[in-house]
Amino acid sequence: MNVLEQIRKLDEQKAKLLFDAKKEALERVHAAIKDLNELGFAYKLVSGDGAVSGKKKRNTDPTKRHCPICDMDGHDARAHRNQENKKKFTKAELEERGLA
Ligand SMILES: [Zn+2]
């Protein structure tokens with residue numbers, strides 16, 4: 001076997017090792033994300049640096065938010081995080097928060 005053949009064989013081994021290691025790591029990540037989802041946390045795996053091209057990563061457009069507590073658009077449940085008991089905002093509370 002000449003040197004070139006040896007190098008090629010090593011490259012093949014490296015590729016296979018990397019592939020297997022990646023597959024194993026992905027399986028662990030997928031299992032962990034499944035656990036998180038089942039616990040009620042919406043996580044997903046993103047390849048690369050996670051940047052969405054042309055778009056901001058965070059949804060900062062208030063018109064696209066929907067609050068399941070008030071059943072209205074314009075804000076989301078995060079607006080209720082300071083409430084002790086999560087309940088619908090009154091009209092006054094909405095106005096106070098600039099959400100009305
Ligand atoms: Zn609300």
Side-chain angles (χ1 to χ4, degrees):
M1 194 190 282
N2 67 34
V3 173
L4 278 175
E5 279 172 337
Q6 275 184 332
I7 289 173
R8 199 166 48 93
K9 229 177 148 60
L10 284 170
D11 275 347
E12 277 170 21
Q13 277 179 5
K14 183 186 161 195
K16 192 182 178 318
L17 283 170
L18 266 176
F19 180 83
D20 288 347
K22 183 190 170 197
K23 201 173 139 226
E24 269 175 40
L26 275 174
E27 275 166 12
R28 285 199 302 272
V29 168
H30 281 298
I33 287 175
K34 192 166 163 275
D35 284 349
L36 282 169
N37 290 344
E38 278 167 7
L39 290 168
F41 301 106
Y43 281 85
K44 66 177 179 177
L45 184 62
V46 178
S47 179
D49 63 4
V52 180
S53 59
K55 267 188 188 172
K56 277 187 191 167
K57 218 155 66 174
R58 286 186 58 181
N59 179 15
T60 51
D61 185 350
T63 61
K64 281 186 187 138
R65 290 191 196 138
H66 179 81
C67 179
I69 298 163
C70 304
D71 193 24
M72 65 176 280
D73 296 330
H75 69 280
D76 57 28
R78 279 178 299 183
H80 293 262
R81 70 186 153 201
N82 293 327
Q83 272 185 326
E84 235 170 85
N85 300 306
K86 307 269 177 279
K87 60 175 166 54
K88 230 173 135 149
F89 284 140
T90 63
K91 203 172 178 303
E93 282 173 320
L94 285 170
E95 274 165 9
E96 195 183 303
R97 288 165 173 78
L99 302 169

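Both ligands and their constituent atoms are indexed starting at 1 by order of listing.
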Apply the test side chain to side chain contact (heavy atoms under 4.5 Å, CB included) to residues Asp71 and His66: give CA-CA distance (whole Å), side-chain angles for both, the deciding distance (0.1 Å), then the verdict. CA-CA 7 Å; Asp71 193 24; His66 179 81; 3.5 Å; yes
When you measure from the side chain of Glu5 to the backbone of Asn2, do you find a donor-acceptor pair of N or O atoms at a distance under 3.5 Å? yes
Atoms named by residue and atom, protein N, O or S, within reach of the Zn ion (ligand 1) (under 2.8 Å): Cys67 SG, Cys70 SG, His75 NE2, His80 NE2
Which heavy atom of Ile69 sits nearest to which heavy atom of Ala77, and what is that distance? CD1-CB, 4.1 Å
Without placing hydrogens or testing angles, list every side-chain donor-acceptor pair under 3.5 Å for residues 86-100, not counting sequence neighbours.
unit_1: Lys86; atom_1: NZ; unit_2: His80; atom_2: O; d: 3.1
unit_1: Lys86; atom_1: NZ; unit_2: Gln83; atom_2: O; d: 2.9
unit_1: Thr90; atom_1: OG1; unit_2: Glu93; atom_2: N; d: 3.2
unit_1: Thr90; atom_1: OG1; unit_2: Glu93; atom_2: OE1; d: 3.4
unit_1: Lys91; atom_1: NZ; unit_2: Glu95; atom_2: OE2; d: 2.8
unit_1: Glu93; atom_1: OE1; unit_2: Thr90; atom_2: N; d: 2.9
unit_1: Arg97; atom_1: NH1; unit_2: Glu93; atom_2: O; d: 3.4

Atom pair CD1 (Ile33) and NE2 (His30), whose distance is rounded to the nearest 0.5 Å: 6.5 Å
Under a 4.0 Å N-O cut-off, is there an ion pair linking Lys16 with Glu12? no
